[in-house]
Amino acid sequence: MDYNYNEIEQKWQEWWRKERVYEVKNESAKPHYYVLDMFPYPSGAGLHVGHPLGYIASDIYARYKRLQGFNVLHPMGYDAYGLPAEQYAIQTGQHPAITTEQNINRYREQLDKIGFSFDWSREVRTCEPKYYKWTQWTFLQLFKHYYDNGANKALPIVSLEECFAKQGSAGLDAACTEVMDFSAEEWNGWDEAKRQQVLMNYRLAYLADIPVNWCAELGTVLANDEVVNGLSVRGGYPVERKLMRQWSLRVSAYAQRLVDGLEEIDWTDSLKEIQRNWIGRSEGAAVWFPLAGNEEHSFEIFTTRPDTIFGVTFMVLCPEHELIDQITTPEQKAEVEAYVTWAKNRSERERQAEVKKVSGVFTGAYAINPLTEEKIPIWVSEYVLAGYGTGAIMAVPAHDSRDFAFARHFNLPIRQVVSLEKDVVSDPTTWEESMDAKTGYSVNSGFVTGMKVKEAMSAVIDHIEKMGIGHRTVNYRLRDAIFSRQRYWGEPFPVYYKNGIACTLPEECLPLELPEVSEFKPTTTGEPPLGHAQKWAWDEEKRCVVDKSLIDNKTVFPLELSTMPGFAGSSGYYLRYMDPHNDEAYFSKEAVEYWQKVDLYVGGAEHASGHLIYARFWNKFLHDIGMSVVEEPFQKLINQGMIQGRSNFVYRSKADNGLFISKGLIKNMDDVTAIHVDINIVDNDVLDIEKFRQWRPEFANARFELEDGKYVCGWEVEKMSKSMYNVQNPDDLVARYGADTLRLYEMFLGPVEQAKPWDTNGIEGVFRFLKKFWRLFDGSDGSNGSNGSLKILHQTIKKITDDIERFSFNTSVSTFMIATNQLTDLKCGSREVLEPLVVLIAPFAPHIAEELWHQMGHEGSVCDAQWPVCDPQYLVEDTVKYPVQFNGKMRFMLELPADADQQKALEAVKAAPESAKWLTGEPKKVIFVPKKIINIVC
RNA sequence: GCUCUGGUGGUGGAAUGGUAGACACGAGGGACUUAAAAUCCCUUGCCCGCAAGGGCGUGUGGGUUCAAGUCCCACCCGGAGUACCA
């Protein structure tokens with residue numbers, strides 16, 4: 001009987017759906033395991049072969065765990081809010097909800113064809129009110145909490161209010177936008193507006209005027225991870241810095257816990273490293289430098305090299321620094337103002353493009369080095385950033401490359417205070433670069449002279465702490481996440497404005513549903529698209545949304561016009577899958593206590609500094625308020641590598657426009673023009689000439705110069721894109737080879753974690769294997785397996801189990817091929833051998849496994865079978881290697897049959913001289929490896 | 001610049017420090033067939049040799065080891081992340 005994959009796959013996909021084979025309950029006597037894929041944004045282009053790569057890997061693991069007796073949660077859903085649907089809406093007027101729905105249906109159809117074991121009864125869509133109700137709810141909780149550094153967790157803001165009423169800000173150690181200092185009397189005397197303003201300074205979701213990444217083209221602000229090189233990630237439009245009043249999440253409060261948490265999770269080192277770099281923890285000191293001539297005023301700087309304080313030769317402020325106006329001398333005023341204006345008007349892109357260009361201006365003012373009491377000039381320069389540290393630095397040109405470049409440019413003094421060897425100094429004016437390394441000894445440095453750099457660092461900090469002019473501190477590069485987007489297609493904020501004060505909707509009134517709008521563009525007055533919504537005001541008494549014409553600012557107030565960013569909906573979706581239909585809570589206590597966390601998370605590394613930071617933050621916060629039970633949501637993380645496109649080219653002769661020359665015949669690449677050709681009319685780099693002539697009218701009369709009767713195309717690895725005609729649609733492959741072949745082939749392509757170009761050249765081999773595997777079962781009988789076939793089976797069990805555990809799915813496929821070839825040679829029809837083999841292959845090729853399982857007379861799904869256990873007696877190797885030692889050194893590798901008398905052999909080796917003559921038992925083969933080493937095969 | 005990765009045949013890629021190149025593609029040869037498809041068998045890292053056999057081989061140069069693709073040091077080349085972060 002032929003392997004009719006189309007019939008088999010359709011039949012079992014329907015059966016799985018009908019029998020609800022993949023639905024799981026939140027209770028079971030079995031141990032639990034949660035396998036999650038990063039849910040997709042359903043784009044209009046549909047899936048290409050790169051998308052399912054990770055899904056196939058996680059599906060294999062999920063199915064494997066299920067066969068091993070785990071209750072496996074393996075859900076799927078859609079990250080349905082996003083910019084492309086909105087931009088499409090602006091262009092066509094088509095509502096994003098409609099296009100999103102269409103795209104989701106298309107995705108679902110494509111996913112179903114590949115035979116995934118998702119529990120679709122738990123599907124979530126971030127754009128549905130019953131889902132985003134809980135996104136909004138979490139926002140409210142963030143708004144209602146602050147971060148207490150002492151307790152090291154989020155606490156209710158009401159407890160902060162009580163504290164302020166009793167003792168003001170005294171003794172408070174909380175994450176905040178700016179440090180505040182007030183007494184209980186002051187607090188109690190303030191009106192509501194002022195108090196709210198103060199509380200806003202502490203809330204975890206807060207409104208503040210902050211410099212944002214404004215993208216005029218998209219009409220919205222963007223988070224730091226949505227901007228690369230001054231351009232928006234989506235669309236590549238220029239982004240400028242602008243001060244705007246925006247909602248933000250105080251992610252920075254969790255910076256240390258986000259660093260610490262990396263220790264306990266099982267992610268790749270490179271991914272952890274990306275996160276560590278993004279968080280950018282650096283230890284150092286905050287030091288106050290007094291102003292010369294005005295010593296009671298001082299300003300704070302941050303340095304990671306307190307040991308170099310004796311080498312400070314100038315100070316630098318960022319152009320935004322508030323001190324500039326106060327300290328600039330009249331003579332320097334014009335120049336400083338011109339510089340500041342120039343710097344502020346530069347676009348982020350210009351600034352980044354000219355990073356190497358040194359610019360700056362002297363303020364005319366001086367500071368006092370608190371340790372040397374020297375007078376040092378204060379400069380202003382762009383190279384000091386407003387957003388990091390305090391926006392002011394002490395410059396040590398001898399030991400910081402940027403300070404060095406600045407000093408050279410403006411001819412400022414350079415003083416060496418660190419040397420690789422004790423008491424050895426050189427003339428810094430001859431240096432070609434600064435000595436930045438934190439190694440060596442302090443020189444010319446007062447009381448720390450002669451100390452090692454590390455010792456000097458803490459000695460200086462101790463000293464300035466004693467003097468009361470500074471302290472040890474830690475700085476993070478991680479900034480708070482800007483949470484407002486001036487867009488339509490996102491979650492509305494459950495917030496209204498009562499005479500300028502942000503108030504939140506009562507929790508019972510959630511979800512606040514996204515209103516209908518007449519247009520998806522910003523309004524003519526520059527408001528976000530929600531400004532077009534008629535019914536967009538909050539009636540405090542009726543507790544409902546009303547028409548905005550009713551706004552009277554007494555009981556009816558305007559609602560927030562921004563929406564939440566993409567990462568809002570994706571930050572907690574893994575928790576919602578645990579209990580997706582709960583209308584009373586985000587998820588029930590029982591559900592989260594049962595599943596705990598995601599055991600295996602599979603997705604792209606491009607989310608390292610976005611989603612994976614936000615989701616960890618989100619989960620830590622939910623943990624603090626008693627919702628999620630563990631701090632780290634994703635125990636093990638696998639990054640599937642990106643699949644690139646493999647483009648094919650034909651070469652048109654420059655001399656003769658109708659002539660195409662086969663690749664091997666081209667003498668000089670300058671004589672031809674390479675033209676992208678659709679990969680669907682190329683097979684194994686050989687062009688289908690007829691299809692090519694039909695492909696486009698201008699090629700209808702193409703002539704060819706062939707090699708061996710074939711036209712061979714060139715190829716190159718590029719991004720998978722329509723314009724390069726290298727997009728491979730999985731549906732075509734499923735139709736041609738079946739889903740099982742596609743699944744196996746995607747795995748066979750190489751390690752899951754490695755980036756690789758898509759290439760169908762090998763798919764025939766995998767297809768051949770499945771056909772062979774299928775044939776193996778023709779005429780299978782109830783006989784017992786021979787020793788040889790059982791050996792093959794048990795070695796296969798061992799190898800496949802090991803491979804799956806280390807996510808080495810490409811070698812698993814090879815293992816199946818080897819076993820199938822061997823069993824075919826043995827003409828093995830034994831049920832005892834073949835039945836476990838079906839179970840082994842079920843995670844990889846579920847359709848064929850299901851069909852064979854039923855043909856063998858089983859009633860239920862192969863998914864409910866038992867993963868076979870390997871019997872060690874069949875694993876014994878034919879030969880065993882024994883290292884033989886003389887004088888404690890390994891001298892021989894003795895290879896003996898597994899059942900040989902090893903003791904006797906070893907004794908014989910020891911007794912004999914160093915040659916192979918003496919070995920009893922007639923050596924079959926004596927291999928002299930290098931010089932003295934002998935491998936002896938008996 | 002810094003951090004992380006990787007470098008093995010014509011190609012994708014295998015190798016707990018122990019016979020490098022499994023498995024697959026491609027290529028070459030053959031069987032079956034009127035023919036094609038399908039299937040099966042043999043060869044296939046490079047060099048010398050009719051052969052038996054020998055020599056060389058995992059980016060480069062050193063080192064550790066009886067033994068290195070694998071471990072250590074330096075360098076070269078690719079890929080990714082990040083960047084005046086003090």
Side-chain angles (χ1 to χ4, degrees), chain A residues 2 228-229 268-278 280-282 284-285 301-306 308 316 318 351-352 354-359 381-396 399-403 405-406 433 436 475-479 605-606 608-609 639 641-642 644 646 684-686 708 715 717 744-745 748-751 753-766 768-769 771-772 775 802 808 810-818 821 824 881 883-886 889-893 895 925 927 929-935 937:
Chain A
D2 278 351
V228 172
N229 290 330
T268 59
D269 289 341
S270 75
L271 203 93
K272 286 184 183 181
E273 206 53 38
I274 293 173
Q275 290 219 337
R276 280 194 201 103
N277 289 341
W278 188 260
R281 181 185 200 277
S282 51
I301 60 99
F302 172 73
T303 179
T304 53
R305 294 295 301 275
T308 61
V316 189
C318 66
R351 203 186 60 73
Q352 289 196 4
E354 294 170 12
V355 152
K356 293 223 165 67
K357 226 167 138 185
V358 178
S359 73
S381 173
E382 267 198 317
Y383 86 90
V384 175
L385 304 178
Y388 185 77
T390 58
I393 61 155
M394 60 177 216
V396 186
H399 305 290
D400 181 283
S401 55
R402 296 150 304 179
D403 299 346
F406 195 82
E433 53 183 10
D436 293 12
N475 244 300
Y476 301 92
R477 204 183 72 104
L478 183 72
R479 318 275 174 86
E606 67 272 19
S609 48
N639 289 121
M642 208 148 20
Q644 299 133 301
R646 186 181 189 274
N684 264 323
D685 294 337
V686 176
D708 304 327
W715 61 272
V717 173
L744 282 168
Y745 185 59
F748 187 65
L749 218 45
E753 302 189 65
Q754 191 175 299
K756 56 217 157 218
W758 177 258
D759 171 1
T760 41
N761 288 351
I763 199 167
E764 290 285 347
V766 173
R768 264 198 283 269
F769 153 70
K771 282 189 284 191
K772 219 187 253 184
R775 247 181 285 128
D802 289 351
S808 174
N810 55 330
T811 52
S812 312
V813 179
S814 299
T815 305
F816 282 123
M817 288 177 175
I818 295 166
N821 283 338
T824 303
K881 286 174 182 170
V884 179
Q885 297 188 348
F886 285 138
K889 283 201 166 184
M890 221 257 275
R891 302 299 289 274
F892 301 99
M893 184 63 86
E895 204 169 311
K925 195 176 172 193
I927 309 164
V929 193
K931 282 153 197 148
K932 289 180 193 163
I933 305 309
I934 307 170
N935 280 352
V937 184

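Each chain gets a letter, A, B and so on, in the order its sequence line appears, and its residues count up from 1. Predicted, not measured: the structure shown is a model, and the values here were computed from it.
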Worksheet entry | A/Val766 side chain reached by A/Met817 side chain, heavy atoms, under 4.5 Å |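 Yes, close enough: below the 4.5 Å cut-off.
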Worksheet item: Considering residues at least two apart in sequence or located in another chain, which fulfil the side-chain hydrogen bond (donor to acceptor under 3.5 Å, both in side chains) criterion with A/Arg768?
Response: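 Here no residue qualifies.
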Return the value, rounded to whole Å, for the distance between atom [atom1] of [X] and atom [atom2] of [N].
{"X": "A/Ile274", "N": "B/rG79", "atom1": "CD1", "atom2": "C1'", "answer": "12 Å"}
{"X": "A/Arg646", "N": "B/rU11", "atom1": "CZ", "atom2": "P", "answer": "11 Å"}
{"X": "A/Met642", "N": "B/rG81", "atom1": "CE", "atom2": "C1'", "answer": "12 Å"}
{"X": "A/Glu764", "N": "B/rU11", "atom1": "CD", "atom2": "C1'", "answer": "16 Å"}
{"X": "A/Asp436", "N": "B/rC84", "atom1": "CG", "atom2": "P", "answer": "16 Å"}
{"X": "A/Asn639", "N": "B/rG6", "atom1": "CG", "atom2": "C1'", "answer": "16 Å"}
{"X": "A/Phe302", "N": "B/rC84", "atom1": "CZ", "atom2": "P", "answer": "17 Å"}
{"X": "A/Asp802", "N": "B/rA15", "atom1": "CG", "atom2": "C1'", "answer": "15 Å"}

Using the [atom1] atom on both, measure [N] against [M] and round to a whole Å.
{"N": "B/rU64", "M": "B/rU3", "atom1": "P", "result": "28 Å"}
{"N": "B/rC23", "M": "B/rG55", "atom1": "C1'", "result": "29 Å"}
{"N": "B/rU8", "M": "B/rG59", "atom1": "P", "result": "6 Å"}
{"N": "B/rU5", "M": "B/rG9", "atom1": "P", "result": "23 Å"}
{"N": "B/rU60", "M": "B/rC76", "atom1": "P", "result": "15 Å"}
{"N": "B/rG45", "M": "B/rA24", "atom1": "P", "result": "15 Å"}
{"N": "B/rG18", "M": "B/rU65", "atom1": "C1'", "result": "12 Å"}
{"N": "B/rU11", "M": "B/rG63", "atom1": "C1'", "result": "34 Å"}

Between [atom1] of [X] and [atom2] of [Y], what distance do you get to the nearest 0.5 Å?
{"X": "A/Asn821", "Y": "A/Phe769", "atom1": "CG", "atom2": "CZ", "answer": "9.0 Å"}
{"X": "A/Ile301", "Y": "A/Thr390", "atom1": "CD1", "atom2": "OG1", "answer": "6.5 Å"}
{"X": "A/Ser814", "Y": "A/Phe748", "atom1": "OG", "atom2": "CZ", "answer": "4.5 Å"}
{"X": "A/Ser282", "Y": "A/Tyr388", "atom1": "OG", "atom2": "OH", "answer": "3.0 Å"}

Practice prompt. Please figure out whether A/Ala755 or A/Arg775 has its closest RNA chain B nucleotide nearer the 5' end.
Written response: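 Mapping each residue to its closest nucleotide by heavy atoms, the 5'-most match is A/Ala755.
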Worksheet item: Start at the 5' end of RNA chain B and walk down; is the nucleotide closest to A/Ser609 or to A/Gly762 reached first?
Response: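 The residue closer to the strand's 5' end, by nearest nucleotide, is A/Gly762.
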Quick check for you: among [options], whose closest atom lies nearest to any side-chain atom of [X]?
{"X": "A/Thr811", "options": "B/rA14, B/rA83, B/rU3", "value": "B/rA14"}
{"X": "A/Phe748", "options": "B/rG81, B/rA86, B/rA24", "value": "B/rA24"}
{"X": "A/Asn761", "options": "B/rC25, B/rA86, B/rG13", "value": "B/rC25"}
{"X": "A/Arg477", "options": "B/rG13, B/rU82, B/rU3", "value": "B/rU82"}
{"X": "A/Ser814", "options": "B/rA86, B/rC23, B/rA14", "value": "B/rC23"}
{"X": "A/Pro751", "options": "B/rG13, B/rA83, B/rU3", "value": "B/rG13"}
{"X": "A/Leu385", "options": "B/rA14, B/rC40, B/rC84", "value": "B/rC84"}

Fill in: Distance below 4.0 Å between A/Lys771 side-chain N/O and B/rU39 OP1 or OP2
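It does, given that an N or O in the side chain of A/Lys771 lies less than 4.0 Å from OP1 or OP2 of B/rU39.
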Discussion item. Please confirm whether the shortest side-chain N or O distance from A/Lys772 to OP1 or OP2 of B/rU39 is below 4.0 Å.
Written reply: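 For A/Lys772, the contact criterion (side-chain N or O under 4.0 Å from OP1 or OP2 of B/rU39) is not met.
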Just to be sure I understand the rule, does [X] reach a base, reach only the sugar-phosphate, or reach nothing, if contact means heavy atoms closer than 4.0 Å?
{"X": "A/Val384", "result": "base"}
{"X": "A/Arg768", "result": "sugar-phosphate"}
{"X": "A/Asn821", "result": "sugar-phosphate"}

Worksheet item: Taking only residues two or more places apart in sequence or in another chain, which ones pass salt bridge (charged side-chain N to carboxylate O under 4.0 Å, His left out) with A/Asp269?
Response: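 If we apply the salt bridge (charged side-chain N to carboxylate O under 4.0 Å, His left out) test to A/Asp269, skipping adjacent residues, there are no hits.
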